[in-house]
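Residue numbers begin at 1 in each chain, while the letters A, B, ... track the order of the sequences. It should be emphasised that the depicted structure is a prediction, and the values quoted were computed from it without experimental measurement.
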Amino acid sequence: MVPVQYFVGLSAILFTLGALGVLTRRNAIIIFMSIELMLNSANLLFVAFARAFEALSGQIFVFFVMTVAAAEVAVGLALIVAVFRTKDTINIDEVSSLRG
Amino acid sequence: MPIISSTDLLAILPTAFVVVWACTLLLVDVFAGAGGKRLTPWLAALGLLAALVLSVRGGGLEQTAFNGMLEVDGFSHAINALVLGSGLLAVLLSVDYLRQHGIAKGEYYVMLLFSISGVMLMGAAADLIVVFLSIELLSIPLYILAAFAQPDPKSEEAGLKYFLLGAFAGAFLLYGVALVYGATASTRLSEITAAVAAGLENPIFLLLGAALILIGFGFKVAAAPFHMWTPDVYEGAPTPVTAFMAVGAKVGGFAALLRVFIVAFPSLGADLAPVLIGVVAATLIIGNVAAIAQNNIKRLLAYSSISHAGFILMAFVPYADDAVYRDTLAAALFYLLAFAVTSFGSWAVVMALEKAEGKGLELQDYAGLFRRHPGLAVAMFVFMLSFIGVPPTLGFAGKFYLFRAVLEGGYVGLAVLGVLTSLVSAYYYLRVVVVMFMQDGKPQAQASPLLNLATAVTAVGTVALFFFSQPLLDWAAGAFLRLF
């Protein structure tokens with residue numbers, strides 16, 4: 001059995017990659033994909049711990065997270081499409097007009 | 001044992017009622033004709049009022065529901081009353097504004113109701129799963145509402161920014177929950193405390209997890225350094241949405257923050273205190289100093305709302321102190337009430353002067369308001385005094401109780417910083433007053449009886465409730481947490 005530390009390490013790497021992606025990329029879709037990566041790194045952590053504890057609750061949490069992520073995708077993509085229709089771009093630097 | 005018993009349903013009756021009412025409203029709006037659609041806001045208000053009655057009538061109920069997922073206690077009842085009242089005010093503010101700006105669609109009120117039900121669940125959440133789900137239930141409708149004026153580019157931008165940063169913060173919260181689960185093998189708040197008391201294999205997971213959860217909540221309540229989205233989103237979103245967001249999201253964020261940290265992480269109080277002090281100091285300073293430079297009234301109020309989050313967080317610093325946390329809870333609830341009344345009032349005045357396409361929002365547009373519309377000017381004066389914390393307004397009593405809780409916790413330096421930044425805030429609030437009363441101009445207010453009603457109610461409330469501060473504080477102090 002793979003020790004749980006390996007999973008923790010992998011998920012920490014995925015989470016960091018996702019957070020860096022959000023902070024450095026400018027395309028709204030790619031930022032959104034990075035956020036999904038962060039959510040799924042948390043899912044990995046839940047499943048790994050659930051197996052280590054031999055408890056189901058962590059795995060059930062993952063189902064909730066997947067459902068919420070799906071709802072977020074629906075709303076997020078709709079927002080991105082709406083922005084693209086008015087501005088012809090989804091580069092968040094070009095979308096940004098509110099400042100001060 | 002049945003999975004869901006009738007006592008469980010009875011315990012969350014007000015919340016369940018709001019959700020069912022929202023679903024029904026969605027159907028009514030689809031099948032009703034043009035005449036029926038005009039009723040949607042009033043049906044929404046009726047539903048909120050009924051939920052408020054249900055919540056107040058069940059006010060004595062104390063119960064653990066859904067196998068420990070939800071904790072119905074004095075605190076959750078207080079949050080329910082606060083957010084349902086805010087929802088009613090938000091509906092009052094929205095009706096005429098939406099019609100004037102051509103975005104009067106029934107979905108607006110449905111989204112508002114869903115968001116409110118999210119806040120209500122956050123007040124009762126006793127398991128980190130429910131905290132995560134209810135924070136999303138609160139946020140996802142707000143993303144839609146922020147972009148509700150699409151294809152207006154500013155509103156779309158506000159929606160996109162709020163969505164991206166909100167989802168980003170949600171990911172931090174979730175990872176924090178996963179780490180806490182890894183440390184304690186449970187997501188139930190009471191079981192987390194029990195596991196901590198029994199000794200942990202990896203205490204570092206608990207500390208990291210709590211810190212990440214704090215970041216997630218920090219975004220929701222707009223605390224620095226996680227406040228960057230606030231001015232942009234508040235400026236771009238339709239003004240009634242901003243008014244609700246400023247209060248609703250804060251109430252929800254603080255409700256969950258208070259319960260999660262007081263119940264589950266009292267052992268981390270000493271470790272987190274320096275972090276919290278840093279966050280509070282940054283929030284107070286950034287919120288109050290950046291507001292000075294603002295000429296757009298929506299941005300000014302956005303920075304003001306950041307600074308008020310800082311004031312509430314100030315009382316939260318000594319949360320782990322057994323002798324203080326009850327006073328923290330009461331002071332925070334009282335301040336949320338004071339902030340809600342004052343904030344809705346000031347947004348109502350902003351809406352009265354707002355014109356199409358974002359005109360009428362500069363500070364100079366308020367010049368001469370006292371000559372033209374003395375009622376509006378005097379109301380705005382009252383709200384500004386309450387924001388500063390001058391008696392006899394609700395804001396003064398709120399700040400008084402917050403400072404008292406901070407001093408009880410022994411953080412004299414924080415209290416001094418709070419007083420100093422309050423003084424700074426007087427500058428930009430009084431600037432609004434000076435422009436309204438002493439400069440000449442020809443502002444033209446919208447003729448909207450509902451808006452005037454909301455302004456009058458909140459202005460009178462801001463002053464009149466001050467004289468009932470003690471009973472209100474007793475009410476807030478009765479909002480205890482049922483720990484086990």
Side-chain angles (χ1 to χ4, degrees), chain A residues 4-5 7-8 11-12 14-15 18-19 22-23 28 31-32 34-50 52-55 57-58 60-62 64-65 67-69 71-80 82-87 90 92 95-100, chain B residues 127-130 132-133 135-137 139-141 143-144 146-147 150-179 181-188 202 205 208 212 231-236 290 293-296 299:
Chain A
V4 71
Q5 290 90 324
F7 289 105
V8 176
S11 97
L14 289 175
F15 185 79
V22 173
L23 296 175
I31 293 176
F32 191 35
S34 303
I35 293 173
E36 291 295 310
L37 189 61
M38 292 168 77
L39 291 179
N40 282 316
S41 72
N43 282 349
L44 178 63
L45 207 53
F46 273 120
V47 176
F49 282 135
F53 299 145
E54 293 177 351
S57 56
I60 292 166
F61 205 138
V62 171
F64 283 113
V65 176
T67 326
V68 167
E72 270 188 350
V73 168
V75 172
L77 287 183
L79 283 173
I80 293 173
V83 167
F84 184 75
R85 279 199 189 140
T86 36
K87 296 234 174 171
I90 50 168
I92 54 164
V95 170
S96 192
S97 66
L98 301 165
R99 275 171 201 285
Chain B
D127 188 299
L128 291 173
I129 296 186
V130 183
F132 175 71
L133 288 178
I135 212 170
E136 296 294 336
L137 180 56
S139 303
I140 292 178
Y143 305 148
I144 302 173
Q150 64 100 7
D152 170 24
K154 280 192 169 175
S155 175
E156 281 180 351
E157 183 187 332
L160 186 65
K161 274 187 176 163
Y162 193 32
F163 166 71
L164 287 176
L165 285 169
F168 188 48
F172 276 98
L173 178 81
L174 184 65
Y175 204 80
V177 174
L179 285 174
Y181 177 66
T184 62
S186 174
T187 52
R188 192 86 25 108
N202 292 311
F205 282 176
L208 269 178
L212 288 176
D232 290 356
V233 173
Y234 279 25
E235 186 190 348
Q294 303 305 322
N295 286 316
N296 180 303
R299 293 186 82 85

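- Using a 4.5 Å cut-off between heavy atoms, A:Ser11 touches chain B through backbone and side chain atoms alike.
- No side-chain heavy atom of A:Phe49 sits under 4.5 Å from any side-chain heavy atom of A:Leu44.
- Interface remark: A:Val83 contributes backbone and side-chain atoms alike to the contact with chain B (heavy atom separation under 4.5 Å).
- Between A:Phe61 and B:Phe132, the angle of the ring planes lies from 30° to 60°, which puts this pair in the tilted group.
- When all heavy atoms are compared, the tightest approach of A:Ile92 to A:Ala28 is CG2-CB, 4.2 Å.
- Heavy-atom distances place both the backbone and the side chain of A:Phe46 under 4.5 Å from chain B.
- Comparing B:Leu128, B:Val233, B:Leu164 by heavy-atom pairs within less than 4.5 Å of chain A, the highest count is held by B:Leu164.
- When all heavy atoms of A:Ser34 and A:Gly18 are compared, the pair lying nearest together is CB-O, 3.3 Å.
- Both the backbone and the side chain of A:Ser41 come within contact range of chain B, with heavy atoms under 4.5 Å apart.
- Contact annotation for A:Val65: both backbone and side-chain heavy atoms come within less than 4.5 Å of a heavy atom of chain B.
- With rounding to the nearest 0.5 angstrom, the CG atom of A:Asn43 is 6.5 Å from the CG atom of B:Leu174.
- Looking at B:Tyr181, its side chain does come within 3.5 Å of a backbone N or O of A:Gly58 through a donor-acceptor pair.
- Within the 4.5 angstrom heavy-atom criterion, only side-chain atoms of B:Phe205, from C-beta onward, approach chain A.
- Considering only heavy-atom pairs separated by less than 4.5 Å from chain A, the leading option among B:Ala185, B:Ser139, B:Gly170, B:Ser186 is B:Ala185.
- Within the 4.5 angstrom heavy-atom criterion, no atom of A:Leu37 approaches chain B.
- A:Thr86 places a side-chain N or O within 3.5 Å of a backbone atom of A:Ala82 that can act as its donor or acceptor partner.
- Contacts of A:Ala69 with chain B are absent, with no heavy-atom separation under 4.5 Å from either backbone or side chain.
- If you measure heavy-atom distances from A:Ala12 to chain B, the contacts under 4.5 Å come from both the backbone and the side chain.
- In this structure, no portion of A:Ile60 lies under 4.5 Å from any heavy atom of chain B.
- Ring centroid separation for the pair A:Phe32 and B:Phe163 comes in under the 6.0 Å cut-off.
- In this structure, no portion of B:Leu137 lies under 4.5 Å from any heavy atom of chain A.
- At distances below 3.5 Å, at least one donor-acceptor pair connects side-chain atoms of A:Lys87 with backbone N or O atoms of A:Val95.
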